[in-house]
Asker: 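Sharing a structure with you now.
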Amino acid sequence: MSVPSVRLPTLSLAAGLGLAVLAPVSAQADAAADRQAILDALAEEARAADPAFSGFSAAGGETVFRTEWAGGDERTPSCTACHTQDPTAMGRNAKTGRPIEPVAVSVNPDRFTDPDEVAKQFRRDCEAVMGRACTAQEKGDYITFMAEQ
Amino acid sequence: MTRHAVSLALALSALVVAGPALADDDWIPPVTDDLTRAECGDCHMAFQPGFLPARSWDAMMDGLADHFGDDASIAADKTEHIRAYLTANAGDRIRSEMAREYMRWVREGGVPLRITENPEFLDEHDFRQEVWDRPEVVTKSNCLACHEAAERGSYDED
């Protein structure tokens, strides 16, 4: 019987390919779930701050991202000072010169998936740009915008 | 060529080859601690602890809430982990030629915070203003702009 000897490797190759394709897909699904958990927590916080809260908007996030705010460090009037106008592009820290990986989720699927990292960076970056903390609404809007980029 | 000239040439080329390997004053032990690399490396290259004495790293970790004007504070357990690593590997605690060259400018009991103000640094970086003004440089502490292998502790001239 020569058929199995030809088929078997083909089958196992196919199975191997299937795994290789499935693995990143499920990793991305995990990342999306982690991101959603962060958004859910922010939504709860936003509702507590404002009972009229009606969800997050990508347009609001784009405003957070592109607005030239007053009150922060003069080297960083907007988020784009470090993350650039294009979220899919490499950024550069305007204060230290260190390159920053793109913040768009399409380019970097692991973006906004570690709650500690997200909280730490919003605290630092909003202070640098606006001279104040971002609200839960602004944070949720920002992540929603980046998730669509 | 006489035999003498040949052996002189050989000796010279041996010197040239051995030169960079012998000059361990442009290599400093790199950061080997993952948490230190990750947390300090968020905003800038994680500088090698050998550039400052242990008491400077203590002061640095005590002052993260106002870290050169930025709030760089992190969770207390992480702060203490990084403090322990940096102080144990500080310039006055390790044997390193490059660290020694920086330490010899530090006053007894002095607590410098800026590596870029050390006379050893200034002496090695006596450039025209145009060099500092290059767009990729941004600031004097951006070692990687010119020293490609700086994260591995290698500050060969580039």
Side-chain angles (χ1 to χ4, degrees), chain A residues 31 34 38 41 69-87 89-103 108 110-135 138-139 142-143 146, chain B residues 31 34-48 51 60-61 63-79 81-82 113-116 121 125 127 130-152 155 158:
Chain A
D34 289 345
I38 292 174
W69 300 89
D73 189 310
E74 59 182 14
R75 291 168 296 179
T76 55
S78 67
C79 307
T80 62
C82 295
H83 294 303
T84 82
Q85 291 286 342
D86 174 4
M90 281 295 291
R92 185 190 293 284
N93 193 310
K95 290 189 283 195
T96 68
R98 186 142 172 97
I100 303 174
E101 294 292 321
V103 282
N108 239 336
D110 283 342
R111 281 293 180 195
F112 316 104
T113 54
D114 175 345
D116 290 345
E117 183 67 21
V118 169
K120 175 180 75 181
Q121 220 57 57
F122 271 129
R123 181 167 49 76
R124 286 183 186 166
D125 294 349
C126 295
E127 187 59 42
V129 170
M130 309 170 174
R132 62 164 174 85
C134 284
T135 63
E138 287 168 331
K139 294 178 194 174
Y142 186 82
I143 295 177
M146 290 304 171
Chain B
V31 176
D34 284 341
L35 186 68
T36 303
R37 230 183 351 234
E39 290 295 337
C40 307
D42 254 353
C43 300
H44 53 68
M45 186 191 92
F47 304 111
Q48 286 84 12
F51 284 121
M60 198 82 74
M61 298 313 286
L64 287 182
D66 183 4
H67 184 66
F68 305 103
D70 281 328
D71 181 358
S73 44
I74 51 175
D77 55 333
K78 291 183 176 176
T79 304
H81 175 106
I82 293 171
L113 295 178
R114 287 183 192 272
I115 299 165
T116 53
F121 178 94
H125 297 84
F127 304 140
E130 298 101 86
V131 176
W132 296 118
D133 289 344
R134 286 184 196 157
E136 73 274 16
V137 173
V138 181
T139 163
K140 285 190 179 177
S141 61
N142 185 11
C143 313
L144 286 164
C146 306
H147 302 283
E148 245 175 62
E151 265 174 316
R152 279 175 271 132
Y155 291 86
D158 286 314

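Labels below follow one simple rule: chain letters A, B, ... track the order of the sequence lines, proteins then strands, and each chain is numbered from 1.
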Asker: Looking at Glu130(B), I want to see if its CD is surrounded by more than 12 non-hydrogen atoms of other residues, nucleotides or ligands under 6.0 Å.
Answerer: yes
Asker: After noting the C-alpha distance and the side-chain angles of Phe112(A) and Gln121(A), does the key distance pass the side chain to side chain contact (heavy atoms under 4.5 Å, CB included) rule?
Answerer: CA-CA 10 Å; Phe112(A) 316 104; Gln121(A) 220 57 57; over 6 Å; no
Asker: Please examine the side chains of Arg92(A) and Cys82(A), heavy atoms only from C-beta on, and report whether any two atoms are closer than 4.5 Å.
Answerer: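 A side-chain contact is absent here, since even the closest heavy-atom pair is not under 4.5 Å.
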Asker: With a 4.5 angstrom heavy-atom cut-off, which part of Arg123(A) approaches chain B: side chain, backbone, both or neither?
Answerer: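 Answer is side chain: those atoms of Arg123(A) sit under 4.5 Å from chain B.
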Asker: Where does Asp70(B) contact chain A at under 4.5 Å (heavy atoms): side chain, backbone, both or neither?
Answerer: side chain
Asker: Specify which of Ser141(B), Ala72(B), Gly41(B), Cys43(B) makes the most heavy-atom pairs with chain A at under 4.5 Å.
Answerer: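 If we count pairs closer than 4.5 Å to chain A, Cys43(B) comes out on top.
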Asker: For the candidates Thr139(B), Val137(B), Ile74(B), which exhibits the highest count of non-hydrogen atom pairs separated by less than 4.5 Å from chain A?
Answerer: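 Highest number of heavy-atom pairs under 4.5 Å: Thr139(B).
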Asker: Before accepting this row, confirm whether a basic side-chain N of the pair Arg124(A)/Glu127(A) lies closer than 4.0 Å to the acidic partner's carboxylate O.
Answerer: no
